[in-house]
Amino acid sequence: MNQTATIREKMTAKLERKPHKQNRWKKNFWGYMFLVPAIIIFVLFMWVPIFKGFMYSFYTVDFVKGNTFAGLDNYARALTDPDVLIAVKNTLYYMVLCLVIGFWVPIAFAIAISELRKFGGFVRVAAYLPFVLPAVVLYGLWRWLYDPVGPINALLGTMGADQIAFLTDSRWSMISLVFMETWQQFGSGMLIYLAAVLSIPRDWYEAAEIDGAGVWARIRHITLPSLRNLIVLMLILQIIATSQGYQSQLALLDGGPNNTTLTYALLIVKYAFTRLDYGTATALGMLMFIVLGGLGIVQFKLNKEDN
Amino acid sequence: MKSADRGILSEHDLKKTSNKIVYGIMVFFILVMVFTMLYPILMTMFNGLKSNTEVNSFPPHFFPQEWHFGNLKDALNYIDLLVFLRNTLYIFVGNMVVTLIVLGLASFSISRMNVPFRKVFYFFFLMTLFIPATSYMIPNFVNLKELGLLNQYAAFWLPAGANTFYFLLLKNFFDGIHPEIFEAARIDGASEPRSFFSIAVPLSIPIFATLAIFIFSTAWNDWFWPSLVMHSEDKYTLATAIYKYVIAVKALNTNIKFAILFLVSLPPILVFLLFQKFIMRGVALSAVKG
């Protein structure tokens with residue numbers, strides 16, 4: 001069967017390769033026409049901005065007087081600005097916090113929820129529900145939850161603990177944001193892991209149990225290894241996402257208090273839209289691209305292996 | 001047969017006391033999780049129905065002592081939510097149409113039409129995935145400005161066709177349709193546009209629905225980018241308007257604030273509850289490919 005199929009494929013491939021020139025054009029006319037709109041849109045709204053980003057990083061961008069070439073000035077400004085160092089440190093801190101506080105939560109809950117005999121559907125819906133809340137609702141809601149007289153401090157009060165100024169205390173501000181984001185986002189990660197946990201053949205556990213493997217051994221030697229590729233993929237996706245994070249930092253604290261939530265991406269935004277220095281903002285973007293570009297390729301390779 | 005009913009734990013495991021305790025702790029943590037997920041969301045709703053003094057009282061109550069349904073009316077009068085809703089829906093519908101036509105056609109061509117050099121085109125689309133979006137956010141904005149698209153809906157509609165992720169979802173879906181169907185159509189004399197619109201599109205309703213949900217939630221969620229692109233107030237999206245007039249404002253009464261937040265959360269929550277099976281499948285799908 002297979003052989004005849006490949007022979008047939010080869011024959012049709014041969015036939016396709018040498019049709020009359022006009023025929024070939026006619027044959028593929030619609031194929032190309034279908035690609036044209038997408039190519040135009042991708043060029044205009046992806047490749048042109050990317051190329052312009054490279055170009056503008058060497059220019060002083062001025063919408064009124066026109067752009068002037070500035071050489072490496074933008075890069076020099078970016079690299080000597082003490083805020084950049086603060087922003088890089090804050091971004092790394094934010095990324096680490098997201099890993100420590102947030103990364104393992106969906107994995108743990110996916111395994112736990114897969115073991116529920118009842119109400120699994122309800123729990124899934126409840127866990128995912130925050131994810132559908134619009135970001136602005138999230139900000140309004142958590143500003144109230146974190147309020148000095150909000151419910152979390154009320155709970156701390158009844159437990160006899162001191163009150164915490166979650167957002168205005170510079171030791172807590174970033175941690176509070178990460179908790180808020182974990183609350184909102186873990187549900188979607190959990191569903192992804194849950195699908196993977198449920199696709200592990202049940203017989204493996206049966207066989208392991210017969211061989212005398214305890215519950216933890218089964219999790220350690222069957223469940224977690226089966227999730228390994230997915231975990232690595234999610235880790236890279238999370239690193240790519242958190243290294244570019246700025247929205248909740250901007251919305252809730254505008255980088256404060258004392259620049260403790262000023263992330264690198266937020267600094268780019270501020271350079272562009274507060275200082276109106278688009279050239280330096282693009283230069284900072286280019287620097288980010290150089291550092292992060294490699295990660296995208298790693299993610300793509302892993303994704304390919306997975307499929 | 002029995003092995004299908006078990007998870008990591010079997011019935012036998014659950015008879016052991018130590019496992020029972022661990023299982024109990026696990027259930028307890030799940031309950032805590034469910035509570036922490038639902039409490040703030042329900043609180044958003046109930047706070048919107050309390051009097052302002054009650055919302056600000058310490059410690060907070062869960063249920064309102066008096067129900068103030070008039071807050072919802074005040075919320076609708078505070079800002080013109082309906083105008084912002086209309087703007088958001090404009091963006092959603094336009095983005096959807098552009099995505100379906102531009103990316104639908106392109107992914108169909110790559111997936112099912114055997115054009116020469118399709119690998120090259122495929123790579124051309126795919127390459128953009130490697131470039132972190134934030135790194136070209138500013139040039140993207142400058143580019144829109146230079147194209148004269150600022151403050152126009154086209155600034156959302158046209159770039160909607162440049163989404164590599166949706167392109168991949170569509171292409172993977174088309175890859176799963178049997179090519180014989182299209183070959184049969186070709187033999188029967190159907191033109192390529194015809195076989196796209198009357199065969200591929202009807203078969204792709206599931207993936208279009210998934211995309212519709214993604215595009216809806218993006219249009220509903222995005223507050224920062226629209227606040228840059230749309231600078232006249234009557235063109236703000238719902239999320240942008242709420243950020244500017246509700247979140248960033250201190251003078252507004254907290255109960256009215258929550259009533260507004262509740263009203264904007266309602267549509268996505270309802271969409272989710274109605275299509276939950278569909279959406280949760282979509283999430284699992286998107287992760288692997290994302």
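Within a 6.0 Å sphere centred on CZ of B/F62, other residues, nucleotides and ligands contribute more than 12 heavy atoms.
Remark: B/F125 CZ to A/M46 CE distance equals 10.5 Å, nearest 0.5 Å. Rounded to the nearest 0.5 Å, atoms CG (A/L35) and OG (B/S107) are 9.5 Å apart. Interatomic distance, A/L287 CG to B/S135 OG, rounded to the nearest 0.5 Å: 10.5 Å. Going from atom CD1 of B/I269 over to atom CG of A/L133 covers 5.0 Å, rounded to the nearest 0.5 Å. Between atom CG of residue B/L105 and atom CE of residue A/M33 there is a gap of 10.0 Å, rounded to the nearest 0.5 Å.
Heavy atoms of B/L149 lying under 4.5 Å from chain A belong exclusively to its side chain. At a 4.5 Å heavy-atom cutoff, the contact between A/F122 and chain B is made by side-chain atoms alone. In this structure, chain B has heavy atoms under 4.5 Å from both the backbone and the side chain of A/Q244. B/I260 does not touch chain A: none of its heavy atoms, backbone or side chain, sits under 4.5 Å away. If you measure heavy-atom distances from B/S217 to chain A, you find no contacts under 4.5 Å at all. Residue contact with chain A, scored on non-hydrogen atoms closer than 4.5 Å, involves the side chain of B/N19 exclusively. Looking at A/L116, both its backbone and its side chain come within 4.5 Å of chain B, counting heavy atoms on both sides. Proximity to chain A (any heavy atom under 4.5 Å) is shown, for B/I101, by neither the backbone nor the side chain. Neither the backbone nor the side chain of A/Y264 comes within less than 4.5 Å of any heavy atom of chain B. Residue contact with chain A, scored on non-hydrogen atoms closer than 4.5 Å, involves the backbone and the side chain of B/I8 alike. Looking at A/I39, the atoms closer than 4.5 Å to chain B (heavy atoms on both sides) sit in the backbone and in the side chain alike. For chain B, the nearby parts of A/L141 are the backbone and the side chain; heavy atoms of each come within less than 4.5 Å. When heavy atoms are compared at a cutoff of 4.5 Å, A/T223 approaches chain B solely by way of its side chain, counted from C-beta outward. In this structure, chain B has no heavy atom under 4.5 Å from any part of A/L198. Interface remark: B/F272 contributes side-chain atoms only to the contact with chain A (heavy atom separation under 4.5 Å). Using a 4.5 Å cut-off between heavy atoms, A/F273 contacts chain B through its side chain alone, with no backbone atom that close. Only the side chain of B/V27 comes within less than 4.5 Å of a heavy atom of chain A; its backbone N, CA, C and O stay farther away. Heavy atoms of A/F289 lying under 4.5 Å from chain B belong to its backbone as well as its side chain.
No side-chain donor-acceptor contact under 3.5 Å links B/R118 to the backbone of A/G31. Between the side chain of B/Y243 and the main chain of A/A135, no donor-acceptor pair closer than 3.5 Å is present.
With respect to chain A, the highest number of heavy-atom pairs below 4.5 Å among B/P268, B/S265, B/S10, B/P159 belongs to B/P159. For the options B/Q276, B/M33, B/E192, B/M127, heavy-atom pairs under 4.5 Å to chain A are most numerous at B/M33. Here B/V142 is the residue among B/V142, B/N163, B/L144 with the most heavy-atom pairs under 4.5 Å with chain A. Between chain A and the options B/M43, B/K16, B/R112, heavy-atom pairs under 4.5 Å are most frequent for B/M43. Listed options B/L228, B/V246, B/T36, B/V264 were ranked by heavy-atom pairs under 4.5 angstrom with chain A; first place goes to B/L228. Counting heavy-atom pairs under 4.5 Å between each of B/V271, B/V115, B/T134 and chain A puts B/T134 at the top.
Across every non-hydrogen atom of B/L261 and A/V136, the tightest pair is CD2-O, 4.2 Å. Of all heavy-atom pairs spanning A/F42 and B/A162, the tightest one is CE1-CA, 3.6 Å. The two atoms that bring B/I247 and A/R143 nearest to each other are O-NH1, 2.9 Å, heavy atoms only. In terms of heavy atoms, A/V269 sits closest to B/M137 at CG2-CE, 3.3 Å. Considering all non-hydrogen atoms of both residues, B/E146 and A/N67 come closest at OE2-ND2, 4.2 Å. Closest heavy-atom contact between B/S109 and A/F34: CB-CB, 3.7 Å.
Judged as a salt bridge (Lys or Arg N to Asp or Glu O under 4.0 Å), the pairs with a partner in residues 277-295 of chain A (not counting sequence neighbours) are, in order, A/R77-A/D277.
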Practice problem: Please step through side-chain contact (heavy atoms from CB on, under 4.5 Å) for the pair B/F117 and A/Y32, ending with a clear verdict. | Solution: CA-CA 10 Å; B/F117 309 114; A/Y32 287 124; 4.1 Å; yes
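The aromatic rings of B/F224 and A/Y246 sit perpendicular to each other, their planes meeting at more than 60°, with 30° as the lower class boundary.
Ring centroids of B/F29 and A/F109 are separated by 6.0 Å or more, keeping the two rings apart. Ring-centre distance between B/F258 and A/W144: below the 6.0 Å cut-off.
Contacts of A/I222 classified as side-chain contact (heavy atoms from CB on, under 4.5 Å), with partners at least two apart in sequence or in another chain: A/I200, A/W204, A/Y205, A/A208, A/R218, A/S226.
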